[in-house]
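Hydrogens, waters and symmetry mates play no part in the numbers below; they use all other heavy atoms, side chains included. Residue numbers start from 1 in every chain, and the chains themselves are labelled A, B, ... in the order their sequence lines are given, proteins ahead of strands. Everything quoted here is computed from the prediction, not taken from an experiment.
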There are 2 protein chains.
Amino acid sequence: EDVVVRGVALDKNQAKVMVGNIPDKPGSAAKLFDALASANVIVDMIVQNLGRNGVANMTFTVPRDDSERARVAVEKVLEELGGGEVTLFGDIVKLSVVGIGMRSHSGVASTLFSALAEAKSNIQIISTSEIKISVVIDEEGAADAVRIVHTAFGLDKAEA
Amino acid sequence: EDVVVRGVALDKNQAKVMVGNIPDKPGSAAKLFDALASANVIVDMIVQNLGRNGVANMTFTVPRDDSERARVAVEKVLEELGGGEVTLFGDIVKLSVVGIGMRSHSGVASTLFSALAEAKSNIQIISTSEIKISVVIDEEGAADAVRIVHTAFGLDKAEA
Ligand SMILES: C[C@@H](O)[C@H](N)C(=O)O
Ligand SMILES: C[C@@H](O)[C@H](N)C(=O)O
């Protein structure tokens with residue numbers, strides 16, 4: 001597969017909101033996002049993986065200025081959900097690799113994840129789309145990570 | 001925000017591969033995707049949420065025909081990773097809502113998740129991109145879910 005990775009973008013204006021141990025049943029996500037939508041919180045990445053023992057964790061990213069508002073909106077709805085807790089993380093960045101012709105993500109993922117391993121950057125969140133793979137990593141060391149990812153894909157400069 | 005949701009797509013050819021309890025340290029994801037890339041497994045969605053107690057879970061989707069090959073490739077690398085387990089789920093589908101002008105996902109997410117709650121469809125995985133929100137749900141009841149999501153967004157017909 002002839003994938004051409006066109007660039008690497010770094011978004012430093014993100015904060016991570018983790019909502020843990022919410023009941024893993026229909027309606028939970030709806031109530032959570034009803035509350036966020038009415039609080040006018042701008043949500044970028046939404047990631048949820050499989051739940052266990054009847055509860056699930058959901059993480060989403062918001063602009064740093066919205067993070068407190070997001071936390072308050074989530075806290076208000078946790079009781080209605082029947083449980084759970086919310087944690088904010090401000091010191092993260094989103095690094096994305098953008099490509100064309102990505103029929104499968106495995107080749108680009110393998111190069112990206114190897115470059116991040118070389119940069120000793122721990123991958124906290126992964127999310128993919130047709131043309132992009134995004135990861136959330138620590139802000140500390142992110143500039144190095146971007147440089148190493150560039151070299152790994154043979155690119156010249158950041159699209160920060 | 002004036003988001004126009006243009007359609008709902010249902011991909012029934014997906015299987016879910018869950019890799020649980022892998023060490024949450026730089027290099028794990030790289031080794032995993034090295035193995036998948038060399039086994040020529042086509043990977044679509046990749047989702048990882050925050051780890052706990054030093055381990056993390058990662059889920060990805062593959063065409064149903066690739067699921068066995070994916071499982072074998074992952075199993076071979078788990079020892080090198082230092083732990084973890086792999087589980088296959090074949091009876092899932094990916095439902096995606098495609099929109100334009102999605103600066104924030106919270107409004108579209110709230111409508112989508114409410115429609116899925118109405119359809120009694122439990123959301124297993126969530127992943128977003130600039131123009132799309134995708135969820136993995138059970139195959140059973142998916143046709144109903146698509147119909148209810150259509151109505152919720154005022155659309156006429158599926159883009160199946
Ligand atoms: C956790 C949450 O996504 C739940 N499974 C729901 O469907 O709303
Ligand atoms: C779990 C895995 O993503 C790990 N955090 C890594 O960086 O490779």
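- Residue with the most contacts toward chain A among B/Ala117, B/Ala115, B/Ser110: B/Ser110 (heavy-atom pairs, distance under 4.5 Å).
- At least one side-chain heavy atom of B/Leu112 sits under 4.5 Å from a side-chain heavy atom of B/Val149.
- With a 4.5 Å cut-off on non-hydrogen atoms, A/Asn40 does not touch chain B at all.
- Contacts between A/Ala109 and chain B at a heavy-atom distance below 4.5 Å involve backbone atoms as well as side-chain atoms.
- A donor atom on one side chain and an acceptor atom on the other are found under 3.5 Å apart for B/Asp138 and B/Gln124.
- A donor-acceptor pair under 3.5 Å is absent between the side-chain atoms of B/Ser67 and the main chain of B/Pro63, judged by distance alone.
- Among A/Leu116, A/Asp44, A/Val41, the residue with the largest count of heavy-atom pairs under 4.5 Å with chain B is A/Asp44.
- Using modelled atom types and a 3.5 Å distance limit, the side chains of A/Asn49 and B/Gln48 yield no donor-acceptor pair.
- When the candidates A/Asn57, A/Ile125, A/Val47 are compared by the number of heavy-atom contacts under 4.5 Å with chain B, A/Val47 comes out ahead.
- With salt bridges taken as basic N to acidic carboxylate O contacts below 4.0 Å, none links B/Asp34 and B/Lys31.
- B/Ser127 touches chain A through backbone and side chain together, each having a heavy atom under 4.5 Å away.
- Rounded to the nearest 0.5 angstrom, B/Thr128 OG1 and B/Ile133 CD1 are separated by 7.0 Å.
- Contacts between A/Phe60 and chain B at a heavy-atom distance below 4.5 Å are absent for every atom of the residue.
- Of the possible donor and acceptor atoms, one in the side chain of B/Thr61 sits under 3.5 Å from a partner among the backbone N and O of B/Met45.
- Proximity of a side-chain donor or acceptor of B/Arg64 to a complementary backbone N or O of B/Asn13 within less than 3.5 Å is not detected.
- Among the candidates B/Ile131, B/Leu50, B/Thr59, the residue making the largest number of heavy-atom pairs closer than 4.5 Å to chain A is B/Leu50.
- Among B/Ala37, B/Ser106, B/Ser121, the residue with the largest count of heavy-atom pairs under 4.5 Å with chain A is B/Ser106.
- For the set A/Thr111, A/Val136, A/Asn122, the count of heavy-atom pairs under 4.5 angstrom toward chain B peaks at A/Asn122.
- There is no contact between B/Glu118 and chain A, counting heavy-atom distances below 4.5 Å.
- Ranking B/Gly27, B/Ser28, B/Ala29 against chain A, the residue ahead of the rest is B/Ala29, based on heavy-atom pairs under 4.5 Å.
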